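A, B, ... follow the sequence lines: proteins, then strands. Residue 1 opens every chain. As the structure is a prediction and not an experimental result, all values here were calculated from the model.
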There are 2 protein chains.
Amino acid sequence: MPKTHPARRTTIMDVARAAGVSRQTVSNAINSPERVRPDTRSKVLQVVDKLHYRPSSAARTLRHQRAGAVGTELNAVADQPSDIALPFLTALTLSAARHACHMVPFASKEAFPLLSGYQDMVRRRLVDAFILTDTHPGDPRPAWLEEAGIPYASFGRIYDDPTRGYWADVDGAAGTQMAVAHVAASGYQTVGFLGWPAGSAVGDLRREGWAQGVKEHDVAAGPEGSAPQSLPEALRAAEDLLDGLAVGDAVVCASDVLALGVHQAALARGWTPGADIGITGFDGSPVAHLHSITTLTQPLDDIAEHLFTILDHQLAGSPEPVQAALLVPTLDVNTSTKITPKKGTS
Amino acid sequence: MPKTHPARRTTIMDVARAAGVSRQTVSNAINSPERVRPDTRSKVLQVVDKLHYRPSSAARTLRHQRAGAVGTELNAVADQPSDIALPFLTALTLSAARHACHMVPFASKEAFPLLSGYQDMVRRRLVDAFILTDTHPGDPRPAWLEEAGIPYASFGRIYDDPTRGYWADVDGAAGTQMAVAHVAASGYQTVGFLGWPAGSAVGDLRREGWAQGVKEHDVAAGPEGSAPQSLPEALRAAEDLLDGLAVGDAVVCASDVLALGVHQAALARGWTPGADIGITGFDGSPVAHLHSITTLTQPLDDIAEHLFTILDHQLAGSPEPVQAALLVPTLDVNTSTKITPKKGTS
DNA sequence: CTGAAAGCGCTTACAG
DNA sequence: CTGAAAGCGCTTACAG
């Protein structure tokens with residue numbers, strides 16, 4: 001951007017002069033309270049307040065050799081951006097503020113992540129670390145960053161080496177198990193599952209939770225089906241699945257879009273979701289809320305907070321291994337159609 | 001975040017030594033090519049490349065008195081976050097890079113924007129300017145920022161004083177007019193409108209475009225209805241609206257959620273959207289794509305780019321008035337159900 | 001065309 | 001407990 005000369009802003013010297021102390025004392029009053037007499041400190045702080053003084057983050061960064069910023073990549077090419085990407089970024093932004101830093105999003109139009117994009121930001125000292133999202137088996141980024149000595153924390157397991165510990169994730173199995181418990185407690189007798197095609201790490205775990213839940217909660221396992229994350233295909237798979245179910249049964253789904261497919265397939269055959277048939281989604285996405293679908297909301301605030309804890313450890317050079325975290329989602333029951341299920345006729 | 005001592009990174013001095021010149025020459029080679037002999041320059045640039053040198057943005061900021069960053073507020077409280085918030089942030093992030101700067105998102109859990117949040121970021125010199133979104137009549141932020149001398153540019157008109165010029169917006173009227181032209185050209189004969197309750201600035205303009213389009217394209221004006229931005233209410237309003245329409249007619253909507261309401265209401269009475277009834281939404285949101293609804297996609301990349309042009313002008317202290325921009329959306333036709341409308345029976 | 005000086009704003013040792 | 005010095009990395013005048 002072109003250069004200009006904006007109004008001069010308040011600096012530490014202005015505060016020092018107004019308070020009648022040296023600028024080091026102002027700095028100490030702010031950063032090392034114990035090194036300054038209480039009355040001096042309060043006088044300085046009063047002037048800081050009056051003058052609305054805030055230390056320049058650039059000067060601090062230069063002095064500390066630390067940007068106080070964390071980068072995160074925005075997917076600029078996804079045809080279907082993740083529904084929770086924005087809520088998660090918001091959670092990160094709020095967590096960052098609590099950890100005295102800020103987020104710096106970046107994006108590229110390349111289909112695959114570029115190591116150079118990550119490295120450049122660190123070389124320019126724009127960020128100290130990264131938050132990774134959408135990790136998947138074969139994701140090259142953890143190894144890249146580790147090799148380059150760049151701290152990072154990942155929303156989503158580091159599949160190629162989960163022992164690394166620099167991650168927090170949603171406990172998908174616990175989630176779908178909770179969903180089964182919920183529909184069982186609501187009176188549904190047979191519980192089917194609609195997931196993604198086998199082989200996706202996240203999807204397989206969510207399926208496991210359903211299978212486990214069915215065993216534990218004294219309901220019959222209904223049929224299972226799968227479809228990729230697109231509504232027409234979810235709808236088609238849901239129709240097949242419903243052919244094997246009856247009024248009074250339920251379907252636990254691996255995602256909200258899949259649940260929407262079941263929802264619409266149910267409506268198409270005249271079944272009322274939440275009464276004739278129980279349906280649960282996964283993610284707590286806007287789609288679920290828009291269509292009033294019961295869903296498993298991911299604890300994004302907790303995940304963001306945990307990732308910053310991981311980052312703090314690394315940045316502090318702490319040698320102890322960091323604990324990865326598996327956080328349990330919250331069942332977000334759609335109350336608008338919370339009706340006792342009608343008994344099936346079959 | 002706690003302090004640490006990361007590996008020392010390459011500085012301008014490392015480049016100077018390796019190239020056998022003074023550090024000022026390195027700086028000139030990078031920033032003022034005309035002040036350096038071509039062969040010196042290329043030698044320096046070669047070393048820069050080899051050493052992967054990138055100037056420290058903190059040092060640059062300190063020297064330039066310019067953060068090279070733009071803030072934007074993330075709505076952390078919206079029950080229903082805007083569907084295009086993330087795509088727009090992505091567009092901003094890409095535009096920012098083209099203007100040699102980066103975005104810094106911030107958020108608060110307050111229901112209303114806080115001036116102090118904006119001022120603090122400027123005082124800490126974290127950002128030079130702001131991008132505003134979700135402006136509305138009575139929005140205090142433009143006046144705040146103007147008074148504080150903080151540059152800004154707004155996605156959305158500055159309603160209280162559109163002459164200010166620091167904005168870019170979607171031409172809502174042109175959009176709905178295009179939608180009418182499209183359904184007319186597709187053979188639909190009567191075109192109704194589903195909008196928001198009168199009084200919303202954006203909604204009223206979109207309605208006007210429909211009214212104008214109906215006049216210009218030789219179709220009959222169908223009934224109009226309105227509903228707030230929630231699916232159940234959209235569905236109810238759509239049912240009423242469809243009572244006044246027949247197979248072979250179309251409905252232009254002020255948003256994608258409203259269009260989804262019409263879509264579902266049509267399905268409920270056995271009409272095939274895109275054949276029995278024409279439906280258009282507005283925003284190009286994931287909702288529209290998920291449900292394959294024809295929609296008016298907002299030119300987010302162009303808007304972002306224009307906002308940065310506005311910012312550049314202000315930051316350069318340019319005295320000429322900035323041009324606000326009204327950008328026309330793109331009609332995103334859902335090809336999956338692109339069928340000639342069946343003639344109505346009424 | 002090239003190089004030595006000054007300074008952006010801050011904080012961390014260090015000396016009084 | 002308080003204050004003078006040094007330096008983080010860079011660039012913009014300015015002098016050679």
Side-chain angles (χ1 to χ4, degrees), chain A residues 1-44 48 51-68 100 122-126 128, chain B residues 1-44 48 51-68 100 122-126 128:
Chain A
M1 289 192 285
K3 61 215 74 148
T4 178
H5 290 283
R8 211 181 74 69
R9 318 234 185 230
T10 308
T11 74
I12 197 170
M13 276 309 295
D14 299 318
V15 177
R17 270 189 289 266
V21 298
S22 75
R23 67 177 182 189
Q24 298 85 324
T25 301
V26 176
S27 181
N28 285 333
I30 294 172
N31 303 302
S32 314
E34 73 284 2
R35 309 181 66 185
V36 106
R37 227 174 15 202
D39 57 325
T40 309
R41 179 169 142 81
S42 74
K43 183 182 63 184
V44 170
V48 164
L51 265 45
H52 297 296
Y53 169 69
R54 294 287 178 284
S56 149
S57 67
R60 264 191 149 140
T61 293
L62 200 55
R63 178 66 239 227
H64 282 144
Q65 296 290 75
R66 152 111 11 151
V122 172
R123 290 195 180 117
R124 294 166 56 202
R125 300 184 148 289
L126 212 50
D128 304 309
Chain B
M1 289 195 285
K3 61 215 73 145
T4 180
H5 290 283
R8 210 182 73 70
R9 317 234 185 231
T10 308
T11 74
I12 196 170
M13 275 310 294
D14 299 318
V15 177
R17 269 190 289 267
V21 298
S22 74
R23 66 177 182 190
Q24 298 84 326
T25 302
V26 176
S27 180
N28 284 334
I30 295 173
N31 304 302
S32 314
E34 74 283 1
R35 308 182 65 184
V36 106
R37 229 175 11 203
D39 58 325
T40 310
R41 179 170 143 80
S42 74
K43 182 182 62 183
V44 169
V48 164
L51 266 44
H52 297 296
Y53 169 68
R54 294 288 178 281
S56 149
S57 67
R60 265 193 148 138
T61 293
L62 200 55
R63 179 65 238 229
H64 281 144
Q65 297 289 75
R66 154 123 355 164
V122 172
R123 290 194 181 117
R124 294 166 55 203
R125 300 183 147 289
L126 212 50
D128 305 309

Derivation and outcome, side chain to side chain contact (heavy atoms under 4.5 Å, CB included), residues A/Y53 and A/I12: CA-CA 7 Å; A/Y53 169 69; A/I12 197 170; 3.5 Å; yes

Spacing between B/I12 atom CD1 and D/dG9 atom P, to the nearest angstrom: 11 Å

Contacts table for residues 54-61 of chain A: side-chain donor-acceptor under 3.5 angstrom, sequence neighbours left out:
unit_1, atom_1, unit_2, atom_2, d
A/R54, NE, B/D120, OD1, 3.4
A/R54, NE, B/D120, OD2, 3.2
A/R54, NH2, B/D120, OD1, 3.4
A/S56, OG, A/A58, N, 3.3
A/S56, OG, A/A59, N, 3.1
A/S57, OG, B/R124, O, 3.2
A/R60, NH2, A/N31, OD1, 2.6
A/T61, OG1, A/S57, O, 2.8
A/T61, OG1, A/R66, O, 3.4

Closer to the 5' end of DNA chain D via nearest nucleotide, is it A/E34 or B/I30? A/E34

Picking from C/dT11, D/dT11, C/dG9, which would you name as closest to the side chain of A/L62? C/dG9

Could you give all pairs that pass the salt bridge (Lys or Arg N to Asp or Glu O under 4.0 Å) test and reach residues 18-39 of chain B, with sequence neighbours left out? B/R37-B/D39

Please report the distance, rounded to the nearest Å, between NE2 in B/H64 and C1' in D/dT12. 8 Å

Yes or no on side chain to side chain contact (heavy atoms under 4.5 Å, CB included) for B/R9 and A/V122, after CA distance, side-chain angles and deciding distance? CA-CA 9 Å; B/R9 317 234 185 231; A/V122 172; 3.5 Å; yes

Nearest-angstrom distance from the residue atom CD of A/Q65 to C1' of C/dT12: 13 Å

Considering every strand and a 4.0 Å limit on heavy-atom distances, what is the contact class for A/T40: base, sugar-phosphate, or nothing? sugar-phosphate

Intra- and inter-strand pairing of DNA chain C, written as dot-bracket with Watson-Crick and G-U pairs under 3.5 Å and | for the latter, reads |||.||||||||.|||

Does any residue of residues 21-29 of chain B have a heavy atom under 4.0 Å from DNA chain C, and if so, which ones, in number order? B/S22, B/R23, B/Q24, B/T25

From OG (B/S32) to CD (B/Q24), nearest 0.5 Å: 12.0 Å

Without decimals, in angstroms, what is the distance between B/R66 CZ and C/dG9 P? 15 Å

Please enumerate all residues that pass side-chain contact (heavy atoms from CB on, under 4.5 Å) together with A/S42, with sequence neighbours excluded. none

Under 4.0 Å from OP1 or OP2 of D/dT2: is there any side-chain N or O of A/R37 that close? yes

Look at the side chain of B/N28 and the backbone N and O of B/V36, then say whether any donor-acceptor pair between them is shorter than 3.5 Å. no

What's the verdict on side chain to side chain contact (heavy atoms under 4.5 Å, CB included) for A/R41 and A/T25, showing C-alpha distance, side-chain angles and the deciding distance? CA-CA 8 Å; A/R41 179 169 142 81; A/T25 301; over 6 Å; no

N/O contacts under 3.5 Å, protein versus nucleotides 14-16 of chain C?
unit_1, atom_1, unit_2, atom_2, d
C/dC14, N4, A/R35, NH2, 3.2

Given atom CZ of A/R60 and atom P of D/dG9, what is their separation to the nearest angstrom? 18 Å

Quick one: CG on A/L62 to CZ on B/R63, what's the gap to the nearest 0.5 Å? 13.0 Å

